[in-house]
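Notes to accompany the following structure.
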Amino acid sequence: MEYNHHDIESRWQKYWRDNHTYRAGIDTSRPKFYVLDMFPYPSGAGLHVGHPLGYIASDIYSRYKRLQGFNVLHPMGYDAYGLPAEQYAIQTGQHPEVTTRQNIDRYRSQLDKIGFCYDWEREVRTCDPGFYKWTQWAFIRMFESYYDNTLQKAMPVADLVSHFEKSGTEGVNAACSREMSFTADEWKAMDGKEKSDTLMNYRIAYLGNTMVNWCPKLGTVLANDEVSEGLSLRGGYPVEQKLMYQWCLRVSAYAQRLLDGLDTIDWTDSLKETQRNWIGRSEGAEMKFRIAGSDVELEIFTTRADTVFGVTFMVLAPESAYVQQITTPDQKAAVEAYLDNVKHKTERERMIDKQVSGVFTGAYAINPLTGKNIPVWVSDYVLAGYGTGAIMAVPAHDSRDYAFAKHFDLPVIPLIEGADVSEQSFDAKSGRMINSASGELDLNGMEVKDAIAATKRFIEEKGIGKVKVNFRLRDAIFSRQRYWGEPFPVYYKDGIPHMMDLDKLPLLLPEVDKFLPTETGEPPLGRAKNWQTPEGYPIELNTMPGFAGSSAYYLRYMDPHNEEALVSKEADGYWRNVDLYIGGTEHATGHLIYSRFWNKFLYDLGEVVEPEPFRKLINQGMIQGRSNFVYRIKDTNTFVSAGLRKDYDVTPIHVDVNIVSNDILDTDKFRAWRPEFNDAEFILEDGKYVCGYAVEKMSKSMFNVVNPDDIVDRYGADTLRLYEMFLGPLEQSKPWDTNGIDGVNRFLKRLWNLFYKGDTFLVDDSKASPEALKSVNKLIKKVTADIEAFSYNTSIAAFMICVNELTSLKCHSREVLEPLLVVLAPFAPHITEELWHALGNDTTICDAKWPEANEEYLKEDNARYAVSFNGKARFNIEVPADMPAKEVEAYALGHESAAKWLEGKTVRKVIVVPGKIVNIVVG
RNA sequence: GCUCGAAUGGUGGAAUGGUAGACACGAGGGACUUAAAAUCCCUUGGCCAUUACGGCUGUGCGGGUUCGAGUCCCGCUUCGAGCACCA
């Protein structure tokens, strides 16, 4: 029998399916282990060979854990809402649901061929009403909650209302959009609309007038993580800032907990660092500067309280409400003109245009420490959204303030000893303070760090300001002007938003005639007929963003068919959270923040037991494409081989990697590839046409896409799985290069040949040789350690070594081959299952027991030492393993090879490292 | 600009501070074969030798610690990733 992957793989895949081998259920007699992949968005292009990388890695770990006796939950599903399906629908009129279903079917068939151990009975799709019911449910719960800063958790808005009725805002410490202050009587006097607006200020899901990232080309708003450098991540279209009334989630309330939680989970440092960066905690002080001749007080935030003595002007963001309040009549025209100018710039233009610009308001503020008057300016280098939208400018010690001061010729006062500020500012937070004394506060001579602390103390005592922590993390904008997303379970009565009753969920996505905005500019849902409650109240026209459905999906897998709850107490209590999460690093500041926020919210409600959703997280690297090029001589149809191209004037042209093998072009296939190459001529080297190559993104336009189906068809799923893991470390990005896959394929054939020669089954029950036992025990030890460290590529090398050793030992003993199959099973499930049954086992290898390495066989009879002189190894010796160090030393010094090196020298020192090296220091 | 990570043969990549280059690809040579494919064996960092199981050199660059550094420390260079008027 030859190794026939087609037959083996289809047969065992059917067996696993028919026997529900991968069905998972609650089993309190076994410890649980939850392994999760970031579920894919099913795109129209199908899977390429890069997509399964993480899935294979998690599959190996799942199978390994199961063999170790864990009850493993390993589900899969689809993140089915998304822009591409909708864009496609706009172009073709095809309903996104139809294309999404087709794409999912395609994904499923591709995934099935690779032999994953998913429990497909737990599949979820974010666009299923049975799933998005719980997305809508969570939204309603957020609407009905506010964040109590004292308790540091979400609480019912109903509690807040009864507090307002009793004592107004007195004693309320809640996360809010702006500080409010009213009495119980004032609250009671409010009408319904006023009350609604007031509560919006506190709700975790709230409607707010906020600056949003508006993308005109996509016709929708985007969250901060969906925008990069002023362009939309999807499509790369320009994004502008626009004030809009939108649903938002008060993620910012959880900033500190999201930050603290990072210390409790096992993620890579770089990912944690990225999240810390995004959350952006900064400790500083908030300080008030009174405007001269006015009651207005400018509140500013600074991390450099020590530099107050160097404040020579102040700057407001153009959007700041202070601007209107303080601008003097004679400066009004100039300020208006400037604001108008700024408004017409997009975010991107503002970023690219680094030129200093600004205008004087005509007003002066009073420095609370020195009592001096300082001018107040407006400039777009100050951001409205951070801190208070106003800053105190210290040009000597802040480069942005410095550039502004130089441009407008404002004074610069150095505050740190030895700082030369004639050419640039001194931004470092170190040195001794100078020029910093007035009245009761004297910072001169202090280190910067101490000066900051002293100033903070002083301003708190004097009531000039207070210590304050600011976060960069903003609330998430939750409305999208799109069709293909979850509808909001919200209707409007007299202009006041109301939540639908929980028992009316899910609110189904309605049909529309076109997937475009209405003529009046309303979102696509504006086209839906009867989009209103039975009582005739209009329903919200926006839909939820992509991250809504992906924020709690890992919980739904625990209990996917439950109609009463997102997840039952029992299922949540058993599966708890994800033990191992594998996915791409691109979700670092999006999904992985929102999901943690969502989970913490549910935790506050008592709906889930774990405060963090993903205990350990691994980011698999990206698989890049490896493109091939042919070189056409200018103005001809003649192509010159890569090695000879320097002699000609050539244009490189991408060529389909599927008609190239080991960088050698199949010239006949090339002629047939495209009509314009039908009569191509070639200049060969050594009779071959050699292509050039480059590493690029895997994409259709580069003709470097490799489809896993083709690989599976040609080499089998087991070869694909092994090869993907063999390419290099899991977390590293690397190019896909089909050259080299033969190596792992040969390995599987050699494994097969240990069991079969022709039709003869070779395995017997004979006692294995010590060498064979040692080989396989070494393997078990290595693979166990490697899997725990996700170092799969070195495991595969170990398998190759072991199989080669067993082959040359002609070992066909069951005693050795059976454990070899078990440890290989996670990597190559099909061939191991086949051979496992050939050995006479009648249950699946998935339920075998992971073997333990027997140290007895690993003992070395001899220890091998490298003998070195002054650190450079010169020869090797072998001695009995248990020889004491002193004797090893004597033996090495007495060795004939040593004589040569010791000639005319004296031994100064000898160091013996057990089993490794004898280092002889000579002088 | 700030933060994090990386740099090892023709290629992908191995190396708890202890014989650098495991394993694999590619390349070269050989066996089997009418031939090819497949399979198997040998060689393969560079340089110098090839009478010797020989010598020298070698992990981006410059220093340091150490008996001993790819690995640890300091200073650079280059590449990649994240954040970026965040006060």
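Letters A, B, ... are given to chains in the order of the sequence lines, protein chains preceding strands, and every chain is numbered from 1.
When Watson-Crick and G-U wobble pairs are counted only if both distances are under 3.5 Å, A87(B) pairs with no nucleotide at all. Of the nucleotides present, A31(B) is the one that pairs with U39(B) by Watson-Crick or G-U wobble criteria, both distances under 3.5 Å. With a cut-off of 3.5 Å on both pairing distances, the Watson-Crick or G-U wobble partner of C56(B) is G46(B). Base pairing of C61(B): its partner is G75(B), meeting the Watson-Crick or G-U wobble criterion (both donor-acceptor distances under 3.5 Å). Pair assignment for A15(B) gives none, since no Watson-Crick or G-U wobble pairing has each distance under 3.5 Å. Across all strands shown, nothing is found opposite A69(B) as a Watson-Crick or G-U wobble partner with both distances under 3.5 Å.
Residues Lys468(A) and Glu283(A) are not paired through a salt bridge, judged by the lack of any N-O separation under 4.0 Å between the basic side chain and the carboxylate. The pair Asp269(A)-Arg276(A) does not count as a salt bridge, with every side-chain nitrogen at least 4.0 angstrom from each carboxylate oxygen. Using a 4.0 Å cut-off between charged side-chain N and carboxylate O, Lys272(A) and Asp266(A) make no salt bridge.
In G62(B) the base sits anti relative to the sugar, since the glycosidic angle is further than 90° from 0.
Distance CD1 (Ile452(A)) to C1' (A87(B)): 12 Å, rounded to an integer number of Å. In this structure, CG of Asp663(A) is placed 12 Å from P of G12(B), rounded to the nearest angstrom. Taking atom CZ of Arg281(A) as the reference point, atom P of C2(B) lies 23 Å away to the nearest angstrom. The distance from atom NZ of Lys406(A) to atom C1' of C85(B) is 20 Å, rounded to the nearest whole Å. Remark: P of G13(B) and CE of Met725(A) are 14 Å apart, rounded to the nearest angstrom. Protein atom NZ of Lys734(A) is 15 Å distant from nucleotide atom C1' of G80(B), rounded to whole Å. With rounding to whole Å, Ile796(A) atom CD1 is found 14 Å from C25(B) atom P. The distance from atom NZ of Lys749(A) to atom P of A24(B) is 15 Å, rounded to the nearest whole Å.
U34(B) sits 34 Å from C23(B) when the P atoms are compared, rounded to a whole Å. Rounded to whole Å, the P atom of A24(B) lies 13 Å from the corresponding atom of U43(B). One P atom belongs to C67(B), the other to G5(B), and the distance between them is 29 Å to the nearest Å. Using atom C1' as the reference point in both G9(B) and A27(B), the two lie 13 Å apart (nearest Å). Nucleotides A69(B) and G18(B), compared at atom P, are 11 Å apart to the nearest Å. Taking atom C1' on both A15(B) and G21(B), the two are 9 Å apart, rounded to the nearest angstrom. Nucleotides U78(B) and G30(B) have their P atoms positioned 48 Å apart, rounded to a whole Å. Rounded to the nearest Å, the gap between the C1' atom of A22(B) and that of G13(B) is 10 Å.
For Ser733(A) and A81(B), the shortest distance from a side-chain N or O to OP1 or OP2 is not below 4.0 Å. Within the structure, a side-chain polar atom (N or O) of Asn804(A) is placed less than 4.0 Å from OP1 or OP2 of A24(B). Distances shorter than 4.0 Å separate none of the side-chain N or O atoms of Arg472(A) from OP1 or OP2 on A87(B). Dashed line: the shortest gap from a side-chain N or O of Asn277(A) to OP1 or OP2 of A84(B) is not under 4.0 Å. Between Gln732(A) and A6(B) there is no side-chain polar atom (N or O) within less than 4.0 angstrom of OP1 or OP2. The shortest distance between the side-chain N/O atoms of Tyr386(A) and the OP1/OP2 oxygens of A87(B) is below 4.0 Å.
Residue Ile920(A) is the one, among Ile920(A) and Thr274(A), whose nearest nucleotide of RNA chain B lies closer to the 5' end (criterion: closest heavy atom). Taking for each of Gly280(A) and Asp269(A) the nucleotide of RNA chain B with the nearest heavy atom, the 5'-most of the two is the partner of Asp269(A).
Distances were taken from every side-chain heavy atom of Asp742(A) (C-beta onward) to each of G13(B), A87(B), G26(B); the shortest belongs to G26(B). Taking only side-chain atoms of Phe726(A), from C-beta outward, the nucleotide of U3(B), C85(B), G12(B) with the closest atom is G12(B). Comparing atom distances between the Ser270(A) side chain and each of A24(B), C4(B), C83(B) picks out C4(B) as nearest. The Arg746(A) side chain lies nearest to C25(B) when the options are A87(B), C83(B), C25(B). Comparing G82(B), A87(B), U3(B) by their nearest atom to the side chain of Ile391(A) picks out A87(B). Distance from the side chain of Trp278(A) is smallest to C83(B) among A22(B), C83(B), C85(B).
At least one cation-pi condition fails for Arg626(A) and Trp736(A): the charged atom is not both under 6.0 angstrom from the six-membered ring centre and inside a 45 degree cone around its axis.
The two residues Trp752(A) and Glu2(A) come nearest to each other via the heavy atoms NE1-C, 3.5 Å. The two residues Asn704(A) and Gly625(A) have their closest heavy-atom pair at ND2-CA, 3.7 Å.
Across all strands, Ile911(A) comes closer than 4.0 Å to base atoms (heavy-atom distances). Among the atoms of the strands shown, only primed sugar atoms or phosphate atoms (P, OP1, OP2) are found under 4.0 Å from some heavy atom of Asn793(A). Among the atoms of the strands shown, only primed sugar atoms or phosphate atoms (P, OP1, OP2) are found under 4.0 Å from some heavy atom of Pro729(A). Within 4.0 Å (heavy atoms only), Arg750(A) reaches sugar-phosphate atoms of the nucleic acid but no base atom.
Residue-to-nucleotide contacts include a donor-acceptor pair under 3.5 Å from the side chain of Asn919(A) to the base of C67(B).
Checked against the 6.0 Å centroid criterion, the rings of Phe313(A) and Phe404(A) qualify as a close aromatic pair.
For the 3.5 Å distance criterion, the side chains of Tyr386(A) and Ser282(A) qualify, holding a donor opposite an acceptor. At a cut-off of 3.5 Å, with distance as the only test, no side-chain donor of Tyr402(A) or Asp427(A) sits close to an acceptor on the other residue.
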